[in-house]
Amino acid sequence: MVDVKGRWALITGASRGIGFLAAIFMAQRGCNLILQGRTSEHLESVVNKAKELGVEAVPMACELSDLSAVDGMLKKIDELGVDVDIILNNAGIQIAYRTEYLETPVSDYEESFKINTIAPMMIAYHFLPGMKARDFGRIVNTTSGIRREPQQAGYSASKAALDKVTMDLASVYDGTNVMINLTDPGWCRTDLGGPSAPNAPESALPGVVVGAFVDDKKSGRCFGASNFYGMTLEQSVEHAEKNIPAYLGSFDTIN
């Protein structure tokens, strides 16, 4: 299992919900953090809590729907002079639930793809050369199990696209110490998931971070949080390495 103490992780969507919990989880294990949120004010709480745990924590305000701002954020991270070894691309947006789904506006797709697909891949592409040069890296992109719901077309399509590009990229790095995988936190009661979701945000841990700790040089899996609920981190890593197969797509066979 990877020891993350002293390493640096970039976590997007860290100001609240599952991203917040993931940040605290990593900080508790000694990992230094670069924490993205829409504003610096939104990040104050998570930055302060991480520092109280004895790690370095740097707020990085960025609107991920503004792709030029994403470029600017990446430049600012480079200026920190640290090696980003772990990326948890947690941030995402669900714009609306369209009951009249045949009237879904084009903007649903445009905004969803910028935040849910393009921004996380820009981040991955930026840091992968350094990871390869250091022979260490962990990238975990957050997907969704939503299917058969045209009411959420922008969201589900953008996550399916993220699945595809992540798995294609993972195939190139499989067998190396730069590991690229997906995680699915499940439907949780967050600002994105809404109050009717069946699962507490805490149920997503340690599943959403296990991809940062696996150490078997296998890329191209999806770590669904429900597979790890109630396990310790050590148990989760063992389960992930022994039992989670390669991910074959978000749409399974309909019987």
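The shortest heavy-atom contact between Asp85 and Arg7 is OD2-NH1, 2.9 Å. Between Pro206 and Leu233 the shortest heavy-atom distance is CB-CD1, 4.4 Å. Of all heavy-atom pairs between Gly145 and Asp184, the closest is N-OD2, 3.2 Å. Nearest approach of Lys49 to Phe20, heavy atoms of both residues: CD-CZ, 3.4 Å. Considering all non-hydrogen atoms of both residues, Leu43 and Gly37 come closest at CD1-N, 3.5 Å. Of all heavy-atom pairs between Ser158 and Tyr155, the closest is OG-O, 2.8 Å.
Listed by chain and residue number, Glu63 satisfy the side chain to side chain donor-acceptor pair (under 3.5 Å) test with Ser65 (two or more places apart in sequence, or in another chain). Applying the ring-ring contact (aromatic ring centres under 6.0 Å, His included) rule to Phe223 yields no partners; only residues at least two apart in sequence or on another chain are considered. For the side chain to side chain donor-acceptor pair (under 3.5 Å) test, no residue two or more places apart in sequence or in another chain qualifies with Lys218. Checked against side-chain contact (heavy atoms from CB on, under 4.5 Å), His42 has the following partners two or more places apart in sequence or in another chain: Ser15, Arg38, Thr39. Remark: Asp135 pairs with no residue by the side chain to side chain donor-acceptor pair (under 3.5 Å) rule, at least two apart or across chains. Annotation: salt bridge (Lys or Arg N to Asp or Glu O under 4.0 Å) contacts of Asp215 (sequence neighbours excluded): Arg138. The salt bridge (Lys or Arg N to Asp or Glu O under 4.0 Å) check on Arg98 picks up Asp108, with sequence neighbours excluded. Partners of Ser219 according to the side chain to side chain donor-acceptor pair (under 3.5 Å) rule, which considers only residues two or more places apart in sequence or in another chain, do not exist here. Taking the side-chain contact (heavy atoms from CB on, under 4.5 Å) definition, one finds that Val140 meets it with Leu88, Thr183, sequence neighbours left out. In terms of the side-chain contact (heavy atoms from CB on, under 4.5 Å) criterion, residue partners of Ala27 (sequence neighbours excluded) are, by chain and number, Leu33, Ala50, Leu53, Val55. Residues that satisfy the side-chain contact (heavy atoms from CB on, under 4.5 Å) test with Thr232, not counting sequence neighbours, are Glu234, Gln235. Checked against salt bridge (Lys or Arg N to Asp or Glu O under 4.0 Å), Glu111 has the following partners two or more places apart in sequence or in another chain: Lys114.
Tyr109 and Leu67 sit in two unconnected hydrophobic clusters of ILVMFWY residues. Membership requires side-chain heavy atoms under 4.5 Å apart, directly or through other members. Two different hydrophobic clusters hold Tyr97 and Phe113 under the rule that ILVMFWY side chains link at heavy-atom gaps under 4.5 Å. In the hydrophobic cluster analysis, where Ile, Leu, Val, Met, Phe, Trp and Tyr join through side-chain heavy atoms closer than 4.5 angstrom, Val58 is grouped together with Leu74.
Going from atom NZ of Lys76 over to atom CE of Met60 covers 7.0 Å, rounded to the nearest 0.5 Å. The CD1 atom of Ile115 sits 6.5 Å away from atom CG of Leu64, with the distance rounded to the nearest 0.5 Å. From Ser236, atom OG reaches atom CZ of Phe213 across 10.0 Å, with rounding to the nearest 0.5 Å. Residue Ile87 holds its CD1 atom at 9.0 Å from CD1 of Ile180, rounded to the nearest 0.5 Å. A distance of 11.5 Å separates OG of Ser144 from CG of Leu182, quoted to the nearest 0.5 Å. Here CG of Leu205 is found 10.5 Å from CD1 of Ile24. Values are rounded to the nearest 0.5 Å.
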Step by step, would you call Val210 with Met231 a side chain to side chain contact (heavy atoms under 4.5 Å, CB included)?
CA-CA 11 Å; Val210 72; Met231 293 184 184; over 6 Å; no
Kindly indicate, with the supporting measurements, whether the criterion salt bridge (Lys or Arg N to Asp or Glu O under 4.0 Å) is fulfilled by Asp163 and Lys159.
CA-CA 6 Å; Asp163 289 0; Lys159 287 297 188 179; over 6 Å; no
Quick one: do Val84 and His126 satisfy side chain to side chain contact (heavy atoms under 4.5 Å, CB included)? Show the steps, please.
CA-CA 10 Å; Val84 177; His126 183 82; over 6 Å; no
Applying side chain to side chain contact (heavy atoms under 4.5 Å, CB included), run through Phe127 and Asp78 and close with a yes or a no.
CA-CA 9 Å; Phe127 291 108; Asp78 289 344; 4.1 Å; yes
Between Asp83 and Phe136, is a side chain to side chain contact (heavy atoms under 4.5 Å, CB included) present by the stated rule, with each step listed?
CA-CA 10 Å; Asp83 294 329; Phe136 182 88; over 6 Å; no
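Although no hydrogens or angles enter the test, the distance criterion places no donor-acceptor pair under 3.5 Å between the side chain of Gln36 and the main chain of Ile11. Asp3 contributes a side-chain N or O that, together with a main-chain N or O of Lys5, makes up a donor-acceptor pair within less than 3.5 Å. Distance alone, capped at 3.5 Å, places no donor-acceptor pair between the Ser40 side chain and the Ala61 backbone. Put simply, the side chain of Asn116 gets close to the backbone of Ile93: a donor and an acceptor are under 3.5 Å apart. A donor-acceptor contact shorter than 3.5 Å links the side chain of Thr104 to the backbone of Tyr101.
Put simply, the side chain of Val4 reaches to within 4.5 Å of the side chain of Ile86, judged on heavy atoms. Between Thr142 and Pro185 there is a side-chain heavy-atom pair separated by less than 4.5 Å. At least one side-chain heavy atom of Leu128 sits under 4.5 Å from a side-chain heavy atom of Leu169. Residues Glu56 and Val82 are not in side-chain contact: their nearest non-hydrogen atoms beyond the backbone lie 4.5 Å or more apart. Side-chain contact check for Ile244 versus His239: some heavy-atom pair is nearer than 4.5 Å. Under the 4.5 Å side-chain criterion, counting only non-hydrogen atoms from C-beta, Gln94 is not in contact with Ile146. Side chains of Met179 and Asp216 form a contact here, defined as non-hydrogen atoms less than 4.5 Å apart. Proximity of Met121 to Asn141: side-chain heavy atoms (C-beta onward) are separated by under 4.5 Å at one or more points.
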